[in-house]
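Report on one structure; see the data block that follows.
What's counted below: heavy atoms across the whole structure, side chains too, no hydrogens, waters or symmetry copies.
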Amino acid sequence: MQRCQGFLNVDKPRGITSFEVVKRVRRFFPRQKVGHLGTLDPIAEGVLPLAVGGATRLVEFLMDVAKGYRAEMMLGGVSDTQDAWGNITVVTDELSFSLSDIEKVLELFRGEILQVPPMYSAVNYRGRRLYELARQGVEVSLEARPVTVHLLQVVQAELTQPPYRVILDVVCSKGTYIRTLCHDIGQKLGCGAYLTKLVRVFSGPFSLEYAVKLAEVEERLAAGDCSLLLPLDFPLTSMPKVVLENENDVIRLKNGNNISINAGLAAGPVLVYTLDRDLIAVGHLAETKGKGTVLKPVKVLGTQ
């Protein structure tokens, strides 16, 4: 099992942390690193991509991908955690607005917006996690951060009688808190709102359609089945590719040296392969005066 490496598209169940998923999968790879590509709150379920072995060295190239969610928010109350698992305070039992009013408010949250991270989050504040401070009753002043909401639309709304419920589809940039988005929408509506359900339907190229339930992942890995691991280059297929035909170039690149090549590609990041189509590095092509195109190693994957 220690020789397996790649990406796992895990369907995280509701009720456990992302770290718990990593911990449960790591048992099958005792000699390798395992990490996730973006935290899901315990209340959330759905796509949680994991990187195993050499794939962990590629995570930094995958952090800026857009993520998609199906979210359910309840109107008429607020939560100290901004979700259904916190302490709920009822704001109103009656709504005085329509779906068209909600649509007008949603328009305020499309595009680049500023968002203050919730106190119950893993954001670091002076060496402490915010949720640790929140549990101690400590309030801190946080700066708003820019995030981008690419898509925000109503899928379903129940506004005639309580419980007042709205289901949203959201596509957003990294660092966006969906529960904070729901909370802020509720503040603009004047009735309060909090997240009740959340499913991540995709994270970059990893989609829920092809995600594997955590229980099945564990069962197959326990049986020594590595076939569910996706290749190292699976999430990077849009990046140009360079194949090194000279074994000496392969050795030099693996040792961290620049090499001169005739790639016929524009300057920028590339995936570097051997003749056997093994991915060995992420490199960067650059034009060097008098030396033509130079391939610089950015991240060498090594062997597993």
Side-chain angles (χ1 to χ4, degrees), residues 12 14-15 17 38-46 66-123 130-131 134-135 137 139-202:
K12 182 186 99 65
R14 180 181 170 103
T17 65
T39 303
L40 274 180
D41 288 339
I43 197 174
E45 56 191 293
K67 298 176 173 65
Y69 300 88
R70 172 67 57 90
E72 178 189 86
M73 68 176 179
M74 203 70 69
L75 303 177
V78 294
S79 165
D80 59 351
T81 60
Q82 300 180 346
D83 62 28
W85 290 1
N87 296 312
I88 310 298
T89 302
V90 176
V91 174
T92 180
D93 290 322
E94 296 183 4
L95 298 185
S96 58
F97 51 81
S98 63
L99 179 57
S100 62
D101 296 318
I102 294 177
E103 293 284 2
K104 291 177 183 177
V105 168
L106 294 187
E107 184 59 35
L108 303 175
F109 293 91
R110 297 186 179 111
E112 186 172 295
I113 63 172
L114 292 175
Q115 190 179 77
V116 178
M119 278 299 300
Y120 283 90
S121 68
V123 172
L130 285 181
Y131 63 78
R135 289 168 183 167
E139 289 285 340
V140 298
S141 179
L142 301 171
E143 290 187 5
R145 302 177 175 185
V147 297
T148 302
V149 178
H150 304 288
L151 180 145
L152 177 60
Q153 64 183 26
V154 176
V155 175
Q156 182 181 343
E158 298 175 7
L159 306 175
T160 56
Q161 61 184 17
Y164 304 111
R165 189 170 66 105
V166 176
I167 298 177
L168 301 167
D169 274 349
V170 185
V171 177
C172 55
S173 65
K174 72 170 184 177
T176 306
Y177 286 90
I178 306 300
R179 53 194 163 104
T180 299
L181 183 64
C182 292
H183 171 83
D184 293 347
I185 290 170
Q187 294 300 296
K188 286 293 184 181
L189 289 169
C191 65
Y194 56 92
L195 180 72
T196 49
K197 292 181 182 179
L198 184 65
V199 179
R200 183 150 68 191
V201 295
F202 72 82

Atom pair SG/CD1 of C191 and I102 - distance to nearest 0.5 Å: 7.5 Å

Shortest non-hydrogen contact from Y164 toward D93: OH-O, 2.9 Å

Acceptor/donor pairs from residues 67-78 side chains to any protein atom, 3.5 angstrom cut, sequence neighbours excluded:
| from | atom 1 | to | atom 2 | distance (Å) |
| --- | --- | --- | --- | --- |
| Y69 | OH | R200 | NH1 | 3.2 |
| R70 | NE | D169 | OD1 | 2.4 |
| R70 | NH2 | D169 | OD1 | 3.3 |
| R70 | NH2 | D169 | OD2 | 3.2 |
| E72 | OE1 | T196 | OG1 | 2.5 |
| E72 | OE2 | R165 | NH1 | 2.6 |

Distance from S96 atom OG to D101 atom CG, nearest 0.5 Å? 8.0 Å

Residues passing the side chain to side chain contact (heavy atoms under 4.5 Å, CB included) test with P42, sequence neighbours excluded, are T17, W85

Report the residues that fulfil side chain to side chain contact (heavy atoms under 4.5 Å, CB included) with Q115, sequence neighbours left out, ordered by chain and then residue number. V147, T176, Y177, T180, L181, D184

So which heavy atom on G192 is nearest to which on Q187, and how close? CA-NE2, 4.4 Å

By side-chain hydrogen bond (donor to acceptor under 3.5 Å, both in side chains) - contacts of E112 (at least two apart): none

Partner of D41 under side-chain hydrogen bond (donor to acceptor under 3.5 Å, both in side chains), picked from R14, Q82, R179, is R179

Would you call L159 and V166 a side-chain contact if the rule is heavy atoms closer than 4.5 Å? yes

Shortest non-hydrogen separation from K12 to A44 and the atoms involved: NZ-O, 2.9 Å

Note: Y194 and S79 closest approach over all heavy atoms is CB-CB, 3.9 Å

State, with a plain yes or no, whether a side-chain heavy atom of E103 is found less than 4.5 Å away from one of E107. no

Of all residues at least two apart in sequence or in a different chain, which pass the side-chain hydrogen bond (donor to acceptor under 3.5 Å, both in side chains) check with E94? none

Non-neighbouring partners of K104 that pass side chain to side chain contact (heavy atoms under 4.5 Å, CB included), sequence neighbours left out: none

Heavy atoms of A193 and C182 approach each other most closely as CB-O, 3.4 Å

Suppose we screen for side chain to side chain contact (heavy atoms under 4.5 Å, CB included). Which residues come up paired with V105, at least two apart in sequence or across chains? F109, I185, K188, L189

dist Q156:CD -> L168:CG (nearest 0.5 Å) comes out at 11.0 Å

Can you tell me how far apart CG (D80) and CG (D83) are? Round to the nearest 0.5 Å. 8.5 Å

Who pairs with S100 by side-chain hydrogen bond (donor to acceptor under 3.5 Å, both in side chains), at least two apart in sequence or on another chain? S98

Minimal non-hydrogen separation, V171 against A66, with atom names: CG1-CB, 4.2 Å

